[in-house]
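Everything below concerns the one structure shown next.
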Amino acid sequence: KTYLNYLEPFQKEKISQALSALNLSSVAEFLNAVEKLVGVPPVLSQAEIEIYTEQTLIQKSSINNTAGGLTKEKIKNLWEGTKD
């Protein structure tokens, strides 16, 4: 699950507007376009996921401004989308 997939239920209208501006019809189509441009994201180890989760938690204002009430578990789950 990507961050954009996570946000979609909370920010459906904004995401829809952004996709429309890009002439895309879905988050999946957007993610495919990004992958074609920049390639596949790196695969993270469990140790890296733990480090990145802790580093993300430091960004309190970003977490507070993100829809859906981000918790440590939710953040870790997002990072685990990159796990090998």
Side-chain angles (χ1 to χ4, degrees):
K1 185 175 187 177
T2 67
Y3 182 67
L4 194 53
N5 293 123
Y6 167 79
L7 285 179
E8 193 171 22
F10 308 108
Q11 301 290 334
K12 196 158 195 69
E13 184 60 31
K14 286 182 179 181
I15 291 172
S16 179
Q17 289 174 353
L19 291 172
S20 179
L22 294 168
N23 201 28
L24 299 171
S25 60
S26 69
V27 169
E29 189 177 3
F30 172 78
L31 294 172
N32 286 336
V34 170
E35 187 174 302
K36 285 180 185 176
L37 289 170
V38 298
V40 179
V43 176
L44 300 177
S45 69
Q46 191 61 44
E48 290 169 318
I49 290 169
E50 297 296 332
I51 291 168
Y52 292 165
T53 298
E54 293 302 321
Q55 289 176 342
T56 302
L57 288 167
I58 293 169
Q59 304 300 320
K60 300 276 186 219
S61 59
S62 294
I63 292 170
N64 291 336
N65 289 323
T66 300
L70 277 179
T71 63
K72 182 177 182 175
E73 188 64 30
K74 288 178 183 177
I75 292 167
K76 186 176 178 183
N77 286 339
L78 288 168
W79 284 116
E80 286 186 340
T82 66
K83 186 178 172 188
D84 54 5

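Because the structure is a prediction, the values reported are computed rather than measured.
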- Item | Distance in Å, T56 OG1 paired with L78 CG, rounded so as to fall on 0.5 Å steps | 9.0 Å
- Task: Identify, with sequence neighbours excluded, every residue that meets side chain to side chain contact (heavy atoms under 4.5 Å, CB included) alongside E13.
- Result: Q17
- Residues passing the side chain to side chain contact (heavy atoms under 4.5 Å, CB included) test with Q59, sequence neighbours excluded, are S62
- Any donor-acceptor pair under 3.5 Å from S20 side chain to S16 backbone: no
- If you look at every heavy atom in K74 and G68, which pair is closest and at what distance? NZ-O, 2.6 Å
- Query: Is N23 atom CG crowded by more than 12 heavy atoms from other residues, nucleotides or ligands, each under 6.0 Å away?
  - Reply: no
Listed pairs under 3.5 Å, donor-acceptor, residues 29-43 side chains, sequence neighbours left out:
residue: E29; atom: OE1; partner: S25; partner atom: N; Å: 2.7
residue: E29; atom: OE1; partner: S25; partner atom: OG; Å: 2.7
residue: N32; atom: ND2; partner: A28; partner atom: O; Å: 3.3

- Hey, could you give me the OH/CG distance between Y6 and N77, rounded to the nearest 0.5 Å? 10.5 Å
- Item | Any T66 side-chain heavy atom under 4.5 Å of F10 side chain | no
- Message: Suppose we screen for side chain to side chain donor-acceptor pair (under 3.5 Å). Which residues come up paired with T2, at least two apart in sequence or across chains?
- Response: N5
- Task: Would you indicate whether the side-chain heavy atoms of I75 and I63 approach each other to under 4.5 Å?
- Result: yes
- Contacts satisfying salt bridge (Lys or Arg N to Asp or Glu O under 4.0 Å) that involve residues 43-68 (not counting sequence neighbours) are E50-K76, E54-K72
- Note on the structure: So the ring pair (Phe, Tyr, Trp, His ring centres under 6.0 Å) pairs with at least one residue in residues 38-78 (sequence neighbours excluded) are Y52-W79
